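Hydrogens, waters and symmetry mates are skipped; everything else that's a heavy atom, side chains included, is used. Please read these numbers as outputs of a predicted model, since none were measured by experiment. Counting convention: from 1, in listed order, for ligands and their atoms alike.
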Amino acid sequence: MRVKCLIIGSGPAGYTAAIYASRANLAPVLIEGPQLGGQLTTTTEVENFPGYPDGVEPFTMMDDMRRQAERFGTQFVSGIVTKVEFAPNPSPLTPHRVWVEDTDLYEADAVIIATGASAKYLGLESERTYRGRGVSACATCDGFFYRKKTVAVVGGGDTACEEANYLAGLCEKVYMIVRKPYLRASAVMQERVLNNPKIEVLFEHNTLQLTGEGKVQGADLIYRKGEPDEEQRHIAIDGFFLAIGHHPNTELFKDYIARDAEGYIITHDNSTQCYQPVTGNLSPVTPLPGIFAAGDCADPHYRQAVVAAGSGAKAAIEADKYIKSL
Ligand code: NDP
């Protein structure tokens, strides 16, 4: 299928790009990917997206965005992109190529990558049981629901410290569950955590399981596993926040576009334009014409739906300009 604009991903960035691209008469096709509605749908309620004064269920919000894109003619394809071939010097005769489920080939003048990022989880069965019922990977999104309660944050990096500090502003008490005897976070972040009377850092602790009747009410921890003084401990908590990192979903594009050491797509100068990876004698900033990135796959900092939506709009505007220049 030959299209002007192909969008990969169905989170806030992808749907917003679709709304803008379809209103610009680009007749976009959006490949929905493995998680319809994106990462947001793993949370319970969205209260910080403008336009929903009473809060909104994530599925409702994503469906609203989808219907808005559909209204202007976006075509949706349910499936997963399995292979891409981005042309280094694309033209209407040599477009970018994207395969869905290995078999369906889409050729496009412009591709907007909005594949998001996935939070890392510990892999415990109880973590899955209580997802959305006390387990969260985003303090900014869900912290408000735990006002004056007791929560735990897992991780010892900058994200964990930032989340613990944020939660300490809302909650009665915050435990940090850190597997090493030290924090990995930057000195200033460590200082903030260690000086906050509401935060108790549990060094050398790992989580065995979460407990509770229908929702998280506690966590079984193990202290200094494998050491002579190993000990099991239980903490009573209402919320369990993972802050052990994110994976940007960009592996598929690694041969074609520049990414940072963590895998986030590199864009420059407030634009969504993608660049070729630096190899041989390419300049470090050689654009890959017609390839744009929006949302969390290119954003290690904010990870917010409203920011992702904004960058989706930017990507579509840039794709439109590019297509008109062909
Ligand atoms: P990091 O990779 O820096 O830290 C992850 C933390 O999670 C580490 O403490 C790690 O432990 C722990 N962890 C990983 N896996 C497990 C596990 N299975 N069980 C228990 N603990 C685990 O990720 P961040 O998201 O914190 O940061 C990513 C990048 O973003 C960093 O470069 C960071 O500096 C940056 N950042 C900067 C901020 C700022 O400047 N304001 C804010 C947020 C992030 P261990 O140390 O033992 O490996």
In the complex you have, is [atom] within reach of the protein, judged by whether a heavy-atom distance drops under 4.0 Å?
atom: atom 29 (C) of ligand 1; result: no
atom: atom 42 (C) of ligand 1; result: yes
atom: atom 32 (O) of ligand 1; result: no

Atom of Gly33, atom of Ile80 and distance for their closest heavy-atom approach: C-CG1, 4.1 Å

Of all heavy-atom pairs between Ile244 and Val154, which one has the smallest distance, and what is that distance? CG2-O, 3.6 Å

If we number the atoms of ligand 1 from 1 as shown, the ones under 4.0 Å from a heavy atom of Lys180 are 45 (P), 46 (O), 47 (O), 48 (O)

Tyr146/Phe241 aromatic ring centres below 6.0 Å: yes

Does one side chain, of Thr94 or Ser91, offer a donor that lies under 3.5 Å from an acceptor on the other? yes

Transitively linked via ILVMFWY side-chain contacts under 4.5 Å: Met62 with Ile112? yes

Residue, atom name and distance, where the atom is the protein heavy atom closest to atom 4 (O) of ligand 1: Gly157 CA, 3.7 Å

Any idea which protein heavy atom is nearest atom 20 (C) of ligand 1, and the distance to it? Arg179 CD, 3.6 Å

Say whether Gly245 and ligand 1 are in contact under the criterion: heavy-atom distance to a ligand atom below 4.0 Å. yes

